[in-house]
Number of protein chains: 2
Amino acid sequence: MTAAQDTTAEDVPWGEVAPEAARKLLVAAVEAFAERGYHATTTRDIAGRAGMSPAALYIHYKTKEELLHRISRIGHDKALEVLSAASERGGSPGERLAEAVRSFVRWHAGRHDTARVVQYEIDALSEEHRAEIVELRRRSDAVVRGILRDGVESGEFDVPDVPGTTLAVLSLCIDVARWFNVRGRRSPEEVGELYADLVLRMVSARN
Amino acid sequence: MTAAQDTTAEDVPWGEVAPEAARKLLVAAVEAFAERGYHATTTRDIAGRAGMSPAALYIHYKTKEELLHRISRIGHDKALEVLSAASERGGSPGERLAEAVRSFVRWHAGRHDTARVVQYEIDALSEEHRAEIVELRRRSDAVVRGILRDGVESGEFDVPDVPGTTLAVLSLCIDVARWFNVRGRRSPEEVGELYADLVLRMVSARN
DNA sequence: CCCGAACCTGAGCAAGCGCTTAGTGCATCG
DNA sequence: CGATGCACTAAGCGCTTGCTCAGGTTCGGG
């Protein structure tokens, strides 16, 4: 009697990718790219992980690069959505910044395989595809910069170099995808909490 | 009358690599690996950049992987040396931490091509070589953790989670290699200064 | 003046790569 | 029931890859 089994549901990891074979291939590719890197992964490896023949990949994707682009695009969209939603949740600049960092880090840790591909394989994209992704990153940058500016204006933050500090905050969050390990001691939630606190200390005015 | 032209001088970037052909190949490899990544770089590309034939590479290095290992090993040694030297320069924990971050970041920005290879291509190493490099990283970790512990004991720092904060500080420094651009607005010195300040704020007790 | 060692190249091998093509199995429809 | 369309595979094409090897060049020492 549950109406829950809806494969196009937006909160299912790759629910927007259809049909099922295309999604299975994409999930396999994320796994392989995260593990070995884009260039070290073969189309045979991807197809094998999805339980299909190498040729099946080319029915759903024109090239291996297009597959990377689909992953990168959807992943960046999701990351930006998580960040934006948190920043718009209201409250003081400090609360908004903490929530933004907490959510963004939680995503990079919890979905660290996707995040690793999304953040570290941009150079493997074609020129046009890379340009499209870079634009999405600029928007993430704008979100954080906006919160910092608000906090400086209200006097809650003391940030001498807003662009530089924006860079540092995003860099800190993104790099979580590199080192986070599922078998480590910390949960994504714990890392998010720790990082939100550290970032707040970086920007808060002393009084 | 200058006695300066000593190719084995330790402060020349790759002075420890001899003979000259081996060094030229290694420098070419650093360039190529930083630009495209290890797996996307061909031995022909490396040899071509060094102005030699593909076969020349195999006179000086057994495999492409050994070349990466040499780069990784020397680079990590240098990074660790920079960090250790700064941390031992004396002063309060705050001064030592600031100097450590300043130096470490300066190195990652100024030598960002080397740093990128060193920090982001570990997975391309063989198991034994990777283990060797991981050990060097543990030592970098120990240096930063030591300073934080000293600061907490003296009451100068307020750090609830020393291992977690150590991770964050190193992560922040290392990720500089990913985004730093020579054509950007900031010099390695400026980034080092900014980051030293941000890290101090992260850990300082308020009073 | 010639030898041997060190260094380097031209040519190319076996393996693996991304991707294509011809054909098969299967659901759908008049 | 045969025809049509679609997802998929087996086989393999053309090319590039990491790496090898026979042979040539250079040069200090006897």
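Below, each value reflects all heavy atoms present in this structure, side chains not excepted, and no hydrogens, waters or symmetry copies. Naming: A, B, ... by sequence-line order, numbering from 1 per chain.
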Fill in: Interatomic distance where CG belongs to B:Leu67 and C1' belongs to D:dC19 [whole Å]
14 Å
Discussion item. Check this one for me: any side-chain N or O of A:Ser53 less than 4.0 Å away from OP1 or OP2 of D:dA10?
Written reply: no
Fill in: Closest-nucleotide 5' rank along DNA chain C - winner of A:Lys62 and A:Ala40
A:Ala40
Worksheet item: For the pair made of CD in A:Glu65 and P in C:dG18, what is the distance, rounded to whole Å?
Response: 13 Å
Worksheet item: B:Trp179 vs B:Tyr195 aromatic rings, parallel, tilted or perpendicular, using cut-offs 30° and 60°?
Response: tilted
Worksheet entry | Polar side chain donor-acceptor pair, A:Gln119 to A:His108, under 3.5 angstrom | yes
Fill in: Proximity to the side chain of B:Thr63 - top-ranked nucleotide from C:dG18, D:dC19, D:dG18
D:dC19
Worksheet item: Do you see a donor-acceptor pair shorter than 3.5 Å between the side chains of A:Tyr38 and A:Asp123?
Response: no
Item to complete: Check whether any side-chain N or O of B:Tyr58 sits under 4.0 Å from OP1 or OP2 of D:dT20, and answer yes or no.
Response: no
Worksheet item: Do B:Lys24 and B:Glu20 come close enough that some side-chain heavy atom pair is under 4.5 Å?
Response: yes
Worksheet item: From C:dT20, C:dC17, C:dC8, pick the nucleotide closest to the side chain of B:His60?
Response: C:dC8
Worksheet entry | Shortest side-chain distance from A:Ile59, nucleotide among C:dC8, D:dT20, D:dC8 | D:dC8
Worksheet item: Is a donor-acceptor pair below 3.5 Å formed from side chain A:Arg44 to base C:dG16, judging by atom type as modelled?
Response: no
Worksheet item: What's the OH-P distance between B:Tyr61 and C:dC8, to the nearest Å?
Response: 11 Å
Worksheet item: B:His69 and B:Glu132: side-chain donor and acceptor closer than 3.5 Å?
Response: yes
Worksheet item: What's the CG-C1' distance between B:Leu57 and C:dT9, to the nearest Å?
Response: 14 Å
Worksheet entry | Between P of D:dG18 and CG of B:Leu68, the distance in whole Å | 13 Å
Item to complete: Taking only the side-chain heavy atoms of A:Thr42 (C-beta and beyond), determine which of C:dG18, D:dC21, D:dG18 contains the nearest atom.
Response: C:dG18
Response to the item:
In whole angstroms, the gap separating P of D:dG18 from NE2 of B:His39 amounts to 11 Å
Discussion item. Just the rounded figure in Å: distance from P of D:dG18 to CG of B:Leu25.
Written reply: 14 Å
Worksheet item: Expressed in angstrom and rounded to an integer, what is the separation of B:Lys24 atom NZ from C:dC7 atom P?
Response: 14 Å
Worksheet entry | Shortest side-chain distance from B:Pro19, nucleotide among C:dC17, C:dC7, C:dT9 | C:dC7
Fill in: Residue A:Ala56, side-chain heavy atoms: nucleotide from C:dC8, D:dT9, D:dC19 that is nearest
D:dT9
Worksheet item: Taking the side chain of A:Met52 as its heavy atoms from C-beta onward, which of D:dC8, C:dT21, C:dT9 lies nearest to it?
Response: D:dC8
Worksheet item: Starting at the 5' end of DNA chain C, which residue's closest nucleotide do you reach first, A:Lys64 or B:Gly51?
Response: B:Gly51
